[in-house]
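One structure is given here, and the rest of the page talks about it.
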Amino acid sequence: MALQLHDSLSRSLRPVTPSQDDGVYRFYNCGPTVYAAAHIGNFRSFVVNDIIRRMLELEFGADKVRHVRNLTDVDDKTIRRAREEKRPLTEVTQEWTAKFHADCAALNCLIPHVEPAATDHIPEQVNMIQVLMDKGNAYRAADGSVYFKVSSFDNYGRLSRVKERELKAGSALEAGNTGKDTSSVDADEKEDGTDFALWKAWKPEDGDVKWDGPKGTFEGRPGWHIECSAMSKKHLGATIDLHTGGVDLLFPHHENEIAQSECCNDTEFAHHWYHSEHLLVDGKKMSKSLGNLYTLDQLKEMGHSPVALRYVLLAGHPRKQLNFMLSSLTAAEKALQTLRGFRAAIANQTGDPAKFDGVFDALRDDLNTPAALGALFGIINRGTGDADAATFDRIMFAIGLDLTPPAETIIEIPADITALAEKRWAAKQAKDWPAADVLRAEIITAGWTMKDRKDGYDLEPSRQ
RNA sequence: GGCGCGGUCGCCAAGUGGUAAGGCCGAGCUCUGCAAAAGCUCUAUCGGCGGUUCGAUUCCGCCCCGCGCCUCCA
């Protein structure tokens, strides 16, 4: 079975194949906006993309995959953050980029081949906007901003099936079920409500964040969507094999990218579109207002490991909303232990690679990670038999689970606890069971767990 | 209002037109003085009502409930 992925444009499962003669598969994954720590929902999409990357490597070879993921380092949010903290924009974005990289590493994500930043590609974006203006697909508004003229692109709305972006009677906004502030939406200067910004003229609140714009426009900065069009073209070419991101990017972001790129390049932008679904927390989308937003650091502070989070993210189908619960992390830690135990049990054993075919089949079938995990445990439950260690490791590579046991944390054991443990051990050696039991109870009360071995014991702090 | 998704064991979660994977929790057992660890065993008829079919959890229709996007969010 060949690798197949769902394609959002045709809404069907389509095989994944390189379209260019060099056999290199090119894919672009919309990356983070670096203004704060990414939350675990963001990481769901990056982990899913990491599995795509890994599956592509297994499918075509590591040297036949080109993976690009951008960094959005200039937009309203980054600028606001810098202004609030009275720091230069680059200082803020570099800080959060470093944090993002650290989190990705902790989650065992492979590093993209290219990680272009928007601010490093201003000329490319300006050029693209220039072309669009020259072709009549974009216009300059009175304030010097440039907008894309949606009506100039017939295919607009094909991806999202949203033909009109205007507010209609009965829309969410009209219905009043929104408390969001729409005053900052740059609607004033647009010829049509559906048009979107390619270039945003400088405003006082932008501070020193500004660049020269296309000819005849004012200083300013690029709109959000254009960076992906420009950077994808620069690093992967006018037509790419796959473009990915979270569902929320489907509209307007990806719809707009298609419009810009296809009008500019006169060729298909992406052969294949893949969108991962949202991670929900306690049944709702994460949001600061609901207070159900978690970062990797927060989970670590609660004593959970990044691998456990990765496992939890794998436990749901990537294209289905996944309901995250903290208890899932505990379940994941246990499952991971089983995996580690199995791996240790088969050590360097060789066996029948075909034994694990079901796991790879599930993965190749639109990245069905939960089914793959199910198949894996099904095999594990039938015993170590002729399990092939190398094949097992390939599975771990594919889903990116690092089974290396978490580094032994050095824990200071208080002297009084050690003393109690020594006394109990002595009582046990003397077969004075009542005394031993009393001492065990005392140790437990003190918050520690004494685990006996044949030749000694271990002490661990009791988990809350 | 438009577009889309989902409702499967206590929790998480796959799946198929022929009576439902897996993980966690729980229960019982084995092994250990106890505990821990490990091993074994056990636990669902798939939101509701109709329809199609020899047969539906799986296809169609309606209803109920939940979620997402439509607003520079992964």
Side-chain angles (χ1 to χ4, degrees), chain A residues 8 11 29-33 38-49 72 75-77 157 160-175 178 180-187 196-197 200 223-225 244-253 256 275-280 283-287 311-312 315-317 319-325 327-339 341 358 362 368-381 424 428 431-434 436-437 440-441 443-444 449-454 457-458 460:
Chain A
S8 311
R11 296 195 182 187
N29 170 22
C30 280
T33 300
H39 59 242
I40 59 175
N42 295 318
F43 282 116
R44 178 182 200 195
S45 108
F46 299 126
V47 164
V48 168
N49 273 275
T72 297
D75 78 323
D76 289 351
K77 296 191 294 284
S160 59
R161 264 74 162 177
V162 174
K163 205 59 184 162
E164 301 293 327
R165 220 184 132 189
E166 294 134 307
L167 306 179
K168 291 180 186 157
S171 76
L173 271 176
E174 292 276 315
T178 173
K180 293 185 186 173
D181 173 29
T182 53
S183 63
S184 66
V185 174
D186 31 32
F196 56 90
K200 305 178 80 159
W224 173 37
H225 317 294
T244 65
V247 266
D248 49 339
L249 296 183
L250 211 136
F251 185 86
H253 189 52
N256 293 353
H275 293 94
S276 54
E277 254 295 350
H278 281 303
L279 178 73
L280 305 181
K284 301 270 193 222
K285 184 178 167 180
M286 273 184 288
S287 72
Y311 186 96
V312 169
H317 189 115
R319 288 195 307 100
K320 220 175 132 179
Q321 292 173 343
L322 173 63
N323 191 21
F324 174 85
M325 321 201 77
S327 59
S328 305
L329 289 167
T330 314
E333 303 276 9
K334 290 286 179 56
L336 248 8
Q337 266 315 113
T338 301
L339 254 22
N368 194 335
T369 47
L373 251 17
L376 218 210
F377 277 95
I379 293 162
I380 288 175
N381 292 338
R424 196 193 79 89
K428 179 179 172 174
K431 295 198 190 295
D432 181 355
W433 309 134
D437 288 346
R440 174 184 288 290
I443 292 167
I444 289 171
T449 301
M450 184 169 179
K451 294 181 176 176
D452 294 357
R453 294 189 318 262
K454 271 208 160 53
Y457 60 87
D458 293 313
E460 290 177 7

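Letters A, B, ... are given to chains in the order of the sequence lines, protein chains preceding strands, and every chain is numbered from 1.
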Can you name the atoms? Protein N/O to nucleotides 57-59 of chain B N/O, anything below 3.5 Å, with the distance.
none

Looking at [X], does any N or O in its side chain come under 4.0 Å of the phosphate oxygens OP1/OP2 on [N]?
X: A/N368; N: B/A14; value: no
X: A/R161; N: B/C69; value: no
X: A/K320; N: B/A14; value: yes

Nucleotide by nucleotide, nucleotides 33-38 of chain B touches protein heavy atoms under 4.0 Å in the pattern (B base, S sugar-phosphate only, - none) BBBS--

Roughly how many Å apart are [M] and [N], using the [atom1] atom of each and rounding to a whole number?
N: B/G61; M: B/A56; atom1: C1'; answer: 15 Å
N: B/U41; M: B/G23; atom1: P; answer: 12 Å
N: B/G47; M: B/C12; atom1: P; answer: 14 Å
N: B/G39; M: B/A44; atom1: C1'; answer: 25 Å
N: B/C34; M: B/C24; atom1: P; answer: 25 Å
N: B/C25; M: B/A38; atom1: P; answer: 10 Å
N: B/G10; M: B/G4; atom1: C1'; answer: 31 Å
N: B/U16; M: B/C11; atom1: C1'; answer: 24 Å

Considering every strand and a 4.0 Å limit on heavy-atom distances, what is the contact class for [X]: base, sugar-phosphate, or nothing?
X: A/G316; value: sugar-phosphate
X: A/N49; value: nothing
X: A/G246; value: sugar-phosphate
X: A/L279; value: base
X: A/N381; value: sugar-phosphate
X: A/G283; value: sugar-phosphate
X: A/H275; value: nothing

Nearest-neighbour nucleotide for the [X] side chain, [options] considered:
X: A/Q321; options: B/A74, B/G4, B/C24; value: B/G4
X: A/R11; options: B/A74, B/C12, B/G4; value: B/G4
X: A/N42; options: B/A14, B/A74, B/C24; value: B/A74
X: A/L322; options: B/A74, B/C12, B/G23; value: B/C12
X: A/M325; options: B/G4, B/A74, B/C11; value: B/C11
X: A/F251; options: B/A74, B/C70, B/C12; value: B/C70
X: A/T33; options: B/A13, B/G4, B/A74; value: B/A74
X: A/L280; options: B/G68, B/C11, B/A74; value: B/G68

Return the value, rounded to whole Å, for the distance between atom [atom1] of [X] and atom [atom2] of [N].
X: A/H317; N: B/C5; atom1: NE2; atom2: C1'; answer: 12 Å
X: A/L249; N: B/G68; atom1: CG; atom2: P; answer: 16 Å
X: A/L329; N: B/C25; atom1: CG; atom2: C1'; answer: 15 Å
X: A/N323; N: B/G68; atom1: CG; atom2: C1'; answer: 13 Å
X: A/I380; N: B/C40; atom1: CD1; atom2: P; answer: 12 Å
X: A/N256; N: B/U71; atom1: CG; atom2: C1'; answer: 13 Å
X: A/E277; N: B/G7; atom1: CD; atom2: P; answer: 12 Å
X: A/L373; N: B/G22; atom1: CG; atom2: P; answer: 13 Å

Salt bridge (Lys or Arg N to Asp or Glu O under 4.0 Å) filter on A/D437, not counting sequence neighbours, yields none

Looking only at non-hydrogen atoms, find the nearest pair between [X] and [Y] and report the distance.
X: A/G316; Y: A/L322; answer: CA-CD1, 3.8 Å
X: A/F377; Y: A/A335; answer: CZ-O, 3.8 Å
X: A/S328; Y: A/V312; answer: O-CG2, 3.5 Å
X: A/F46; Y: A/C30; answer: CE2-O, 3.5 Å

Side chain proximity check, [X] to [Y], heavy atoms < 4.5 angstrom:
X: A/K428; Y: A/M450; result: no
X: A/E277; Y: A/R44; result: yes
X: A/N42; Y: A/P32; result: no
X: A/L279; Y: A/F324; result: yes
X: A/L376; Y: A/L339; result: yes

Could you go through nucleotides 27-32 of chain B and list every protein N or O atom that sits under 3.5 Å from one of its N or O atoms, giving the distance for each pair?
none

5' priority, RNA chain B, between A/K285 and A/F377 [closest heavy atom]:
A/F377

If each of A/S276 and A/A371 is mapped to the nucleotide of RNA chain B with the nearest heavy atom, which maps nearer the 5' terminus, i.e. the 5' end?
A/A371

So A/F196 and A/H225, would you call those rings parallel, tilted or perpendicular, with 30° and 60° as cut-offs?
perpendicular

List in chain and number order the residues that pass side-chain hydrogen bond (donor to acceptor under 3.5 Å, both in side chains) with A/D248, two or more places apart in sequence or in another chain; answer none if no residue qualifies.
none

Is there a side-chain contact (heavy atoms from CB on, under 4.5 Å) between A/W224 and A/N256? Walk through the geometry before answering.
CA-CA 10 Å; A/W224 173 37; A/N256 293 353; over 6 Å; no

Any sub-3.5 Å donor-acceptor pair from A/R440's side-chain atoms to A/R424's backbone N or O?
no

Show, in sequence, the C-alpha distance, side-chain angles and deciding distance for A/I40 and A/M286, and conclude whether the side-chain contact (heavy atoms from CB on, under 4.5 Å) test is met.
CA-CA 9 Å; A/I40 59 175; A/M286 273 184 288; 3.9 Å; yes

Supply the atom-to-atom distance A/S276 OG to A/H317 NE2, rounded to the nearest 0.5 angstrom.
10.5 Å

Does any N or O donor sit under 3.5 Å from an N or O acceptor when you compare the side chain of A/H278 with the base of B/A74?
yes

Do A/K77 side-chain and B/C73 base share a donor-acceptor contact under 3.5 Å?
no

Dot-bracket summary - RNA chain B, pairs being Watson-Crick or G-U whose distances fall under 3.5 Å, with | when paired to another strand:
(((((((..(((.....[...))).(((((.......)))))....(((((..]....))))))))))))....

Side-chain donor-acceptor pair present, A/N49, A/T244, cut-off under 3.5 Å:
yes

